[in-house]
Amino acid sequence: QVQLAESGGGLVQAGGSLRLSCAASGRTFSNYAMGWFRQAPGKERVIVAAISESGISTYYAVSVKGRFTISRDNAKNTVSLQMNSLNPEDTAVYYCAARPNPMWAMSRNFYNYWGQGTQVTVSS
């Protein structure tokens, strides 16, 4: 079992920045690829970014590439999402997820553990 807890969400104006963090506890964090997903009202939960267990390989959705940066610190059991140049379309609940595999996956179906989510609201 892996327990995940997100933090760092909030309300920000368009063009602003936020940094989300996800703290993991339980089994060895470095054995898991990690992902950030988001779910806007009335929409499906979709991947935003993902990172391999080593941190060497990353993935970004087209909509956030160049604006968001995912990183991890295996010594501190944390994964972060730096979000810059936010726009109202980024408004959603953001979830941290863990996959018991060295490599990330795009589909939410391959992630076994999820946090409770943190709300990000971007005002225009």
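Residues: numbered from 1 along the sequence shown.
- Between the OG atom of Ser7 and the CZ atom of Arg19 there is a distance of 10.5 Å, given to the nearest 0.5 Å.
- Although no hydrogens or angles enter the test, the distance criterion places no donor-acceptor pair under 3.5 Å between the side chain of Glu44 and the main chain of Gln39.
- In this structure, the side chains of Leu86 and Leu18 come closer than 4.5 Å at one or more pairs of heavy atoms.
- The distance from atom CZ of Arg72 to atom OG of Ser21, rounded to the nearest 0.5 Å, is 13.5 Å.
- Between the side chain of Gln13 and the backbone N or O of Ser123 there is no donor-acceptor pair closer than 3.5 Å.
- Side-chain heavy atoms closer than 4.5 Å link hydrophobic residues (I, L, V, M, F, W, Y) into clusters, and following such links, possibly through other members, connects Met83 to Val79.
- Separation of atoms CZ (Phe37) and CE (Met106) is listed at 9.5 Å; rounding is to 0.5 Å.
- Linking ILVMFWY side-chain heavy atoms closer than 4.5 Å, directly or via other members, places Val48 and Phe110 in two distinct hydrophobic clusters.
- Relative to the ring axis of Tyr94, Arg45 does not place its NZ or CZ within 45° and under 6.0 Å from the centre.
- In this view, Asn31 satisfies the side chain to side chain donor-acceptor pair (under 3.5 Å) rule with no residue, not counting sequence neighbours.
- Taking hydrophobic clusters as Ile, Leu, Val, Met, Phe, Trp and Tyr residues chained together by side-chain heavy-atom distances below 4.5 Å, Ile51 does not share a cluster with Tyr111.
- For the atom pair Ser25 OG and Gln3 CD, the distance stands at 4.0 Å (nearest 0.5 Å).
- Summarising the geometry of Ser124 relative to Ala14, their closest heavy-atom pair is CA-CB, 4.3 Å, with the distance given to 0.1 Å.
- No side-chain donor-acceptor contact under 3.5 Å links Thr78 and Asp73.
- Between Arg38 and the choices Leu20, Val64, Ile47, Leu81, the side chain to side chain contact (heavy atoms under 4.5 Å, CB included) rule is met once, by Val64.
- Checked by atom type, the side-chain pair Gln119/Thr121 shows a donor-acceptor distance below 3.5 Å.
- The shortest heavy-atom contact between Leu4 and Ala98 is CD1-N, 3.7 Å.
- Between the CZ atom in Arg99 and the CE atom in Met34 there is a gap of 12.5 Å [rounded to 0.5 Å].
- A heavy-atom distance below 4.5 Å is found between the side chains of Ser57 and Met103.
- Proximity of a side-chain donor or acceptor of Thr28 to a complementary backbone N or O of Ser30 within less than 3.5 Å is not detected.
- A distance of 7.0 Å separates OG of Ser63 from CG of Asp90, quoted to the nearest 0.5 Å.
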**Asked** Does the pair Ser71 and Gln82 meet the rule for a side chain to side chain contact (heavy atoms under 4.5 Å, CB included), with working shown?
**Response** CA-CA 8 Å; Ser71 61; Gln82 177 66 42; over 6 Å; no

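- Under a hydrophobic-cluster definition in which Ile, Leu, Val, Met, Phe, Trp and Tyr are linked whenever side-chain heavy atoms come within less than 4.5 Å, directly or via other members, Trp36 and Val2 are assigned to the same cluster.
- In this structure, Val122 is not a member of the same hydrophobic cluster as Val46, with clusters built from ILVMFWY side-chain heavy atoms closer than 4.5 Å.
- In this structure, Glu53 contributes its side chain and Ala33 its backbone to no donor-acceptor pair below 3.5 Å.
- The aromatic rings of Tyr59 and Trp104 sit tilted, their planes meeting at an angle between 30° and 60°.
- Residues Thr58 and Tyr60 have side chains in contact (heavy-atom distance under 4.5 Å, counting atoms from C-beta outward).
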